[in-house]
Chemist: 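Pasting in a structure now, in structure tokens, and then I'll have a few things to ask.
All values below come from the heavy atoms of this structure, side chains included, with hydrogens, waters and symmetry mates left out. Computed from a prediction, not measured in an experiment: that's the story for all the values here. Note that ligands are numbered from 1 as they come in the structure, with each ligand's atoms numbered from 1 the same way.
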Amino acid sequence: MSPTPQPNVSAVTTRDFVAMKQAKKKIVAVTAYDALLGRLVDEAGVDCVLVGDSLNQVLCGEPSTLSATLEQMIYHARAVRRGVQRALLVVDMPFLSYQVTREDALRSCGRVMKETGAQAVKLEGGTAIAETVHALVEIGIPVMGHVGLTPQSVHALGGYRVQGRDEEAARRMASDVAALERAGCFSVVLELVPATVAAAISAECAIPTIGIGAGVGCDGQVLVLHDLLGLNDGFSPKFLKRYAAMADDVRGAVGRFADEVRRGVFPDADHSF
Ligand code: KIV
């Protein structure tokens, strides 16, 4: 009898995240939305692959993450799961899948865990969702928090702007992170937060902070893969560093292919049967 195929299970666990903070080892996270890039970033040795709801903008060209659906997140997370062997796999919960009722949250997050093989979900919000986080953790679903600029609240926040600039807002953010930690989050994303505020929060909490536009004082960093690869060359926020210029590579390669097809140079004898 052939053995039952085992689902992929990543080597890195949520417990490792907390241990990495204690050992002062920086956590490296990137997004991926498909199996191929999931495999490549895993082979590059990242600690965490996030199936971000940013896929709604990056892949689908939507103006925000708001219209991302649970079905969409599950579809992409299943694909990424097939490529990722080592890194912790975390899936973003889309807008309205966890905010309306506790039952919705348990059911939606439970579906993601059951149907994708992810090891954790990520929810946006602080004190307001702490009880939901607690309920999820109680039934065995690890939760990564997300505070600061929470893209699902972009309209309430008045745009994609840095959060926690004044003392009161910074204090509120710190208390949101403390509430998430008490509720059982194993880590928290800090997005678009002044570096000094993010460093202070990171020093205060026991769970690791993963920054994006939040300075070097965080316990780890995350970037959207397509942005760091320079594929999304129309998007140039201050916090983004590009490690490749792949938009130019794509235009160049496809341009050369088109030229060779039009001139009858491709396929040549080496590429024909
Ligand atoms: O959706 C996403 O890609 C994210 C990261 C930017 C943290 O939430």
Side-chain angles (χ1 to χ4, degrees), residues 17 26-34 37-38 41 46-70 72-77 79-80 84 87-99 108-109 112 116 118 120-126 129 133 143-154 157 159-163 173 176-177 180 185-193 198 201-202 207-215 218-229 231-232 235-243:
F17 265 43
K26 293 276 190 185
I27 296 166
V28 180
V30 289
T31 60
Y33 313 132
D34 60 61
L37 288 172
V41 300
V46 300
D47 304 303
C48 174
V49 175
L50 170 67
V51 184
D53 59 354
S54 52
L55 64 82
N56 202 47
Q57 293 168 285
V58 177
L59 294 188
C60 305
E62 293 286 348
S64 75
T65 59
L66 289 172
S67 57
T69 66
L70 188 58
Q72 211 178 343
M73 297 310 300
I74 289 174
Y75 174 86
H76 286 278
V80 175
V84 173
L88 184 83
L89 184 62
V90 182
V91 178
D92 254 346
M93 295 307 298
F95 182 56
L96 282 196
S97 68
Y98 59 93
Q99 295 96 333
S108 312
C109 296
V112 166
T116 72
V121 293
K122 176 162 81 58
L123 271 54
E124 295 183 9
I129 62 152
V133 169
V143 180
M144 178 181 275
H146 185 157
V147 303
L149 184 279
T150 43
Q152 293 173 12
S153 308
V154 61
L157 298 174
Y160 296 98
R161 51 182 72 238
V162 176
Q163 302 296 307
M173 197 182 298
D176 278 337
V177 171
L180 292 175
C185 277
F186 71 95
S187 65
V188 60
V189 168
L190 303 182
E191 180 164 355
L192 291 196
V193 176
I201 290 175
S202 304
I207 55 173
T209 58
I210 314 292
I212 173 163
C218 295
D219 303 303
Q221 299 291 328
V222 59
L223 282 177
V224 169
L225 181 65
H226 293 62
D227 297 344
L228 85 83
L229 293 178
L231 270 167
N232 197 6
F235 182 61
S236 304
K238 178 176 163 66
F239 68 81
L240 174 62
K241 180 169 176 183
R242 294 200 178 105
Y243 290 84

Chemist: Atoms of ligand 1 less than 4.0 Å from His146 heavy atoms?
Modeler: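 Answer, ordered by atom number: 8 (O).
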Chemist: Say whether, by atom type as modelled, one donor and one acceptor occur between the side chain of Asn56 and the main chain of Ser64 under 3.5 angstrom.
Modeler: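 Confirmed, Asn56 side chain pairs with Ser64 backbone.
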Chemist: Applying the side-chain contact (heavy atoms from CB on, under 4.5 Å) test to Pro208, which of Ser187, Ser202, Cys218 qualifies?
Modeler: Ser187
Chemist: Can you confirm, on distance only, whether ligand 1 has an N/O atom lying under 3.5 Å from any N/O atom belonging to Tyr33?
Modeler: no
Chemist: Using a cut-off of 6.0 Å, state whether more than 12 heavy atoms not belonging to Phe239 lie near its atom CZ.
Modeler: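 Enclosed: over 12 neighbouring heavy atoms sit under 6.0 Å from CZ of Phe239.
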Chemist: For ligand 1, indicate whether the residue Thr65 contacts it via side chain, backbone, both or neither (heavy-atom separation under 4.0 Å).
Modeler: neither
Chemist: Which atoms of ligand 1 are found less than 4.0 Å from any heavy atom of Ile212?
Modeler: 6 (C)
Chemist: Run the numbers for me: atoms of ligand 1, each under 4.0 Å from some heavy atom of Lys122, listed by number.
Modeler: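 That gives atoms 4 (C), 8 (O) of ligand 1.
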Chemist: Could you tell me which atoms of ligand 1, counted from 1 in the order shown, lie closer than 4.0 angstrom to a heavy atom of Gly52?
Modeler: 1 (O), 2 (C), 3 (O)
Chemist: From Leu123 CG over to Ile129 CD1, what is the distance, rounded to the nearest 0.5 angstrom?
Modeler: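 Result: 4.5 Å between the selected atoms.
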Chemist: Show the atoms of ligand 1 that are less than 4.0 angstrom away from any heavy atom in Thr31.
Modeler: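 Listed by number with element, the hits are 3 (O).
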Chemist: For atom 3 (O) of ligand 1, what is the closest protein heavy atom, and at what distance to 0.1 Å?
Modeler: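 Answer for atom 3 (O) of ligand 1: Ser54 OG, 2.5 Å.
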Chemist: Check Ile212, Val222, Val162 against Glu191 for a side-chain contact (heavy atoms from CB on, under 4.5 Å) and give me the one that passes.
Modeler: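 Per the side-chain contact (heavy atoms from CB on, under 4.5 Å) rule, the option paired with Glu191 is Ile212, out of Ile212, Val222, Val162.
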Chemist: Can a donor-acceptor pair be found, under 3.5 Å and without considering hydrogens, that links the side chain of Tyr98 to the backbone of Val133?
Modeler: no
Chemist: Hey, does Gln99 have a side-chain heavy atom less than 4.5 Å from the side chain of Gln152?
Modeler: yes
Chemist: Report the relative orientation of the aromatic rings in Tyr33 and His76; use parallel for angles under 30°, tilted for 30 to 60°, perpendicular for over 60°.
Modeler: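 Plane angle over 60°, so perpendicular.
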Chemist: Any N or O of Glu191 that comes nearer than 3.5 Å to an N or O of ligand 1?
Modeler: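 Between Glu191 and ligand 1, no N or O pair is found under 3.5 Å apart.
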Chemist: At a 4.0 Å threshold, what atoms of ligand 1 neighbour a non-hydrogen atom of Asp92?
Modeler: 1 (O), 2 (C), 4 (C), 8 (O)
Chemist: Distance to 0.1 Å, residue and atom name: give those for the protein heavy atom nearest to atom 5 (C) of ligand 1.
Modeler: Leu50 CD2, 3.7 Å
